[in-house]
Every structure is written in C-alpha cells, then in structure tokens.
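Have a look at the structure below, then the notes.
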Number of protein chains: 2
Amino acid sequence: MTALRSIEQSLPISLLRAREAVMARFRPLITGYGLTEQQWRVIRALAEADELSATQLAEICCILHPSLTRIFRTLENKKLIKRRRSRGDGRVVSVSLTEQGRVLFEEIAPQSEKLYRQLEAELGRDEIDRLLTALNRLRNI
Amino acid sequence: MTALRSIEQSLPISLLRAREAVMARFRPLITGYGLTEQQWRVIRALAEADELSATQLAEICCILHPSLTRIFRTLENKKLIKRRRSRGDGRVVSVSLTEQGRVLFEEIAPQSEKLYRQLEAELGRDEIDRLLTALNRLRNI
DNA sequence: TATTGTTATACTCTATAACTATA
DNA sequence: TATAGTTATAGAGTATAACAATA
C-alpha cells in the first residue's frame with residue numbers, strides 16, 4: 001500500500017497556498033496600478049538588473065517566452081519598458097525600463113517594502129530568512 | 001531611501017520558483033494522464049475527503065468558484081467526479097469521485113508518491129518537514 | 001437578506017509547434 | 001545547424017459582476 005500523502009504534507013500544494021496567502025497582501029497594490037503579477041515581476045527584475053534579455057527574464061520571472069513577448073508588447077504600449085537589439089548578438093533582444101517605468105517602480109517599491117516589513121513583524125525576521133534559504137535550495141534541486 | 005529588497009529575498013517570487021522546480025518533476029505525470037494541475041488538485045482532495053462542497057474545494061485547492069464550475073464540468077464529462085445536491089442544504093453541491101475517478105487516482109497516486117520519495121532522498125526528510133511546517137504557518141497569517 | 005453555486009464576459013497566461021532572423 | 005525571439009493557436013485559469021435558487 002503506497003497511499004499518497006495528505007494534502008497538508010504535499011509540497012506543491014503547500015507552496016501554492018503559502019504563496020496565495022502572501023500574494024493576498026501584495027496583489028491589491030499591484031493591480032491597483034493596473035499591472036498583473038507577471039508584469040510586475042518583469043518590471044521588478046528590470047529595476048534590479050537595468051538590462052536583461054528575454055531569455056534571462058524568462059528564467060528570472062518564471063514566465064514562458066510567448067507569454068513574455070505579449071507582456072513586452074503590453075508594457076511597451078504603456079511606455080514602461082523599451083526593447084532593442086543587442087549590439088553584440090543580433091538575435092538577442094535587450095529589454096530595459098523607460099524613465100516612466102522607473103518612476104512607476106519607484107512609486108510602488110516603497111509601498112511593497114512596507115508590506116514586507118509588516119510580514120516580517122508578524123512572522124519574525126529569522127523565520128522568513130530560514131524560509132527563503134530553504135526555498136532557494138529547493139529551487140536548485 | 002526604502003529600496004525594494006532583491007528578488008532573491010522576495011517571498012512571493014521564491015515561493016513561485018520553488019514551486020516551479022518541484023512541479024517540473026510532477027507535471028509530466030499529471031499531464032500524461034490528460035489532467036491539468038488544478039484538476040489533479042480537485043481529484044486529490046476528493047480522494048482524501050470522499051465528499052466536499054464547491055466552497056470547501058475552492059478553499060482547499062486555491063481555485064476560484066467560476067473556475068471550479070468549469071473544472072467540475074470537465075471532470076464530469078470524463079466521468080471522474082459526480083455532483084449532487086446536498087440533502088441538508090439545497091444550495092450546497094456535494095462533489096465526490098466516481099468509481100472511475102477513484103481508479104484513476106489509485107493509478108496515479110503511487111507514482112506521485114514515488115516522486116515525493118525521490119525528493120525526500122535528495123533534500124532530506126527533516127528539511128522537507130521543516131519547510132512544510134513553515135509554509136503551513138505562512139498560510140495562516 | 002445572506003449564502004451557495006452558476007453564468008457571463010473580458011482578459012491573461014500556459015503550452016506546444018512553427019517560423020524568422022542571426023550566429 | 002543551433003540559438004533567440006516571435007507568431008499562431010488552442011485551451012485553461014483569473015477576476016469581477018450579475019444572477020438563480022435556497023436558507
């Protein structure tokens with residue numbers, strides 16, 4: 001008898017539920033600015049790295065290439081990002097924030113950070129650090 | 001200056017990536033049986049609880065009501081679940097697995113459990129237990 | 001009146017394959 | 001030939017509001 005473990009003990013489902021609980025706090029902020037979660041991940045990655053290729057963004061943001069292409073188009077229409085061909089390799093698209101995109105990021109970031117701080121206050125900094133370490137280890141299995 | 005923490009330190013993104021890494025192992029099994037992740041969560045919850053209302057399933061599986069209604073229809077067409085009105089409360093729909101649904105679950109479950117065991121062997125049972133505890137705590141914040 | 005579930009609607013993402021351009 | 005990105009296409013989930021039936 002090899003019964004499946006209970007849902008409480010399922011890693012994928014526990015990860016999903018935990019993420020939902022956390023996102024319930026951040027989602028209103030993001031959607032309030034007319035952004036989807038995925039679009040915000042892209043903006044945030046670009047704010048941190050200045051310039052990334054589509055392949056790098058797909059890896060960092062956990063978004064498939066065709067979805068990314070559409071997100072690029074949407075964010076480009078909103079004038080939040082810009083695309084250009086890489087000088088070194090003509091196949092590569094180099095994506096970066098526009099000035100307007102940077103301004104939007106700077107407006108949202110401190111509010112997001114405030115929500116993180118509240119979370120830390122409730123769960124404890126150590127608990128969150130341990131969790132992040134475990135999650136990043138899991139990511140590289 | 002309240003700069004946003006790095007992506008590596010972002011709980012929502014770390015949760016997402018960790019989940020992706022884990023699901024990369026389980027997804028082929030589930031899709032190989034023509035099921036989506038969400039459909040499998042519903043089947044699995046029903047296998048564990050025998051009978052659940054739509055509201056209970058929405059809570060357990062992290063799926064919104066309108067999505068659930070469509071999933072019910074799909075799984076009903078495949079004759080994997082059955083719906084009936086609750087005797088006690090006529091508003092409530094009581095969902096359960098059909099015999100065929102149970103058979104499918106019993107076929108997938110041991111293969112899923114085998115993948116879990118591989119994960120445990122790589123990460124360590126204690127590490128996973130600690131992670132599950134932390135995730136379930138996070139869920140209830 | 002409140003609750004349970006369904007329907008309607010619009011949007012977005014997922015996933016796979018095929019295609020274009022460049023290396 | 002291989003790689004980077006786009007396009008095409010089908011399918012599914014997300015999210016909100018409105019609705020029907022029941023309590």
Side-chain angles (χ1 to χ4, degrees), chain A residues 12-13 16-17 19-20 23-24 26-43 51-78 81-96, chain B residues 12-13 16-17 19-20 23-24 26-43 51-78 81-96:
Chain A
I13 294 175
L16 176 65
R17 286 172 166 178
R19 183 161 199 282
E20 277 309 302
M23 282 312 299
F26 290 93
R27 197 173 285 127
L29 173 63
I30 296 166
T31 59
Y33 280 94
L35 297 171
T36 65
E37 288 179 41
Q38 289 85 345
Q39 289 167 1
W40 172 242
R41 288 208 298 280
V42 169
I43 289 173
E51 200 170 60
L52 292 167
S53 69
T55 299
Q56 288 173 317
L57 278 168
E59 161 76 14
I60 293 171
C61 301
C62 286
I63 298 175
L64 294 182
H65 259 116
S67 299
L68 258 188
T69 297
R70 191 164 330 117
I71 289 169
F72 289 160
R73 195 158 48 229
T74 304
L75 294 179
E76 226 171 26
N77 288 341
K78 291 183 175 183
I81 67 163
K82 51 181 186 282
R83 276 186 281 191
R84 62 169 184 74
R85 289 277 151 196
S86 164
R87 260 184 291 279
D89 185 336
R91 296 169 302 181
V92 174
V93 168
S94 205
V95 185
S96 58
Chain B
I13 295 175
L16 176 66
R17 286 171 167 178
R19 183 162 199 279
E20 277 308 301
M23 281 312 298
F26 289 94
R27 196 172 284 126
L29 172 62
I30 295 165
T31 59
Y33 280 94
L35 297 171
T36 66
E37 288 179 41
Q38 289 85 346
Q39 290 167 1
W40 171 242
R41 288 208 298 280
V42 169
I43 289 174
E51 201 169 59
L52 292 167
S53 70
T55 299
Q56 288 173 317
L57 278 168
E59 162 75 14
I60 294 170
C61 301
C62 286
I63 299 174
L64 294 182
H65 260 114
S67 301
L68 258 188
T69 297
R70 191 166 330 119
I71 289 170
F72 289 160
R73 196 158 49 229
T74 304
L75 295 180
E76 226 171 26
N77 289 341
K78 291 184 175 183
I81 65 163
K82 49 181 187 284
R83 273 187 283 190
R84 62 170 185 73
R85 288 278 152 196
S86 165
R87 260 183 292 278
D89 186 334
R91 294 170 303 181
V92 174
V93 168
S94 204
V95 186
S96 57

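- Between B:Arg19 atom CZ and C:dC13 atom P there is a gap of 17 Å when expressed in whole angstrom units.
- Around the CD atom of A:Glu59, the shell of radius 6.0 Å holds no more than 12 heavy atoms that belong to other residues, nucleotides or ligands.
- Between the B:Arg83 side chain and the B:Val95 main chain, no donor and acceptor come within less than 3.5 Å of each other.
- With hydrogens and angles disregarded, no donor-acceptor distance shorter than 3.5 Å links the side chain of A:Arg41 to the backbone of A:Thr36.
- Near DNA chain C, defined here as any heavy-atom distance below 4.0 Å, the residues from residues 53-69 of chain B are B:Ser53, B:Ala54, B:Thr55, B:His65, B:Pro66, B:Thr69, listed numerically.
- In plain terms, the two heavy atoms of A:Gly90 and A:Arg85 that are nearest each other are O-NH1, 2.9 Å.
- Distance from the side chain of A:Ile71 is smallest to C:dC13 among C:dC13, C:dT7, C:dT6.
- A:Lys78 and A:Gly34 make their closest contact through NZ-O, 2.8 Å (heavy atoms, listed as atom of the first residue, atom of the second, distance).
- Nearest to the side-chain atoms of A:Arg83 among the listed nucleotides D:dG13, C:dT6, D:dT6 stands D:dT6.
- Taking atom CG on A:Asn77 and atom C1' on C:dT12, their separation rounds to 15 Å, with Å as the unit.
- Side-chain atoms of B:Thr31 and B:Glu37, non-hydrogen and from C-beta on, never get closer than 4.5 Å to each other.
- Contact check, B:Arg73 against C:dT7: a side-chain N or O comes under 4.0 Å of OP1 or OP2.
- Considering every non-hydrogen atom in both B:Ile63 and B:Gln38, the closest pair reads CD1-CB, 3.6 Å.
- Whole-Å rounding puts the B:Arg84 CZ to C:dG5 C1' distance at 16 Å.
- Between B:Arg70 atom CZ and C:dG5 atom C1' the separation is 14 Å, expressed in whole Å.
- One interatomic measurement links the two molecules: CG of B:Leu16 to P of C:dC13, which rounds to 13 Å at whole-angstrom precision.
- Not one N or O on the side chain of B:Arg91 forms a donor-acceptor pair closer than 3.5 Å with the backbone of B:Ser86.
- Under the 3.5 Å distance criterion, the side-chain polar atoms of B:Arg19 are matched with a main-chain donor or acceptor of A:Pro12.
- Computed from coordinates, the A:Glu20 CD to D:dG13 P distance equals 14 Å when rounded to whole Å.
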Under a 4.0 Å heavy-atom criterion, the protein footprint on nucleotides 18-23 of chain C, written with B, S and -, is ----BS
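- Atom P of nucleotide D:dT6 and atom CD of A:Glu76 are separated by 9 Å, given to the nearest angstrom.
- Counting to the nearest Å, the P atom of C:dT12 and the CZ atom of A:Arg27 are 15 Å from each other.
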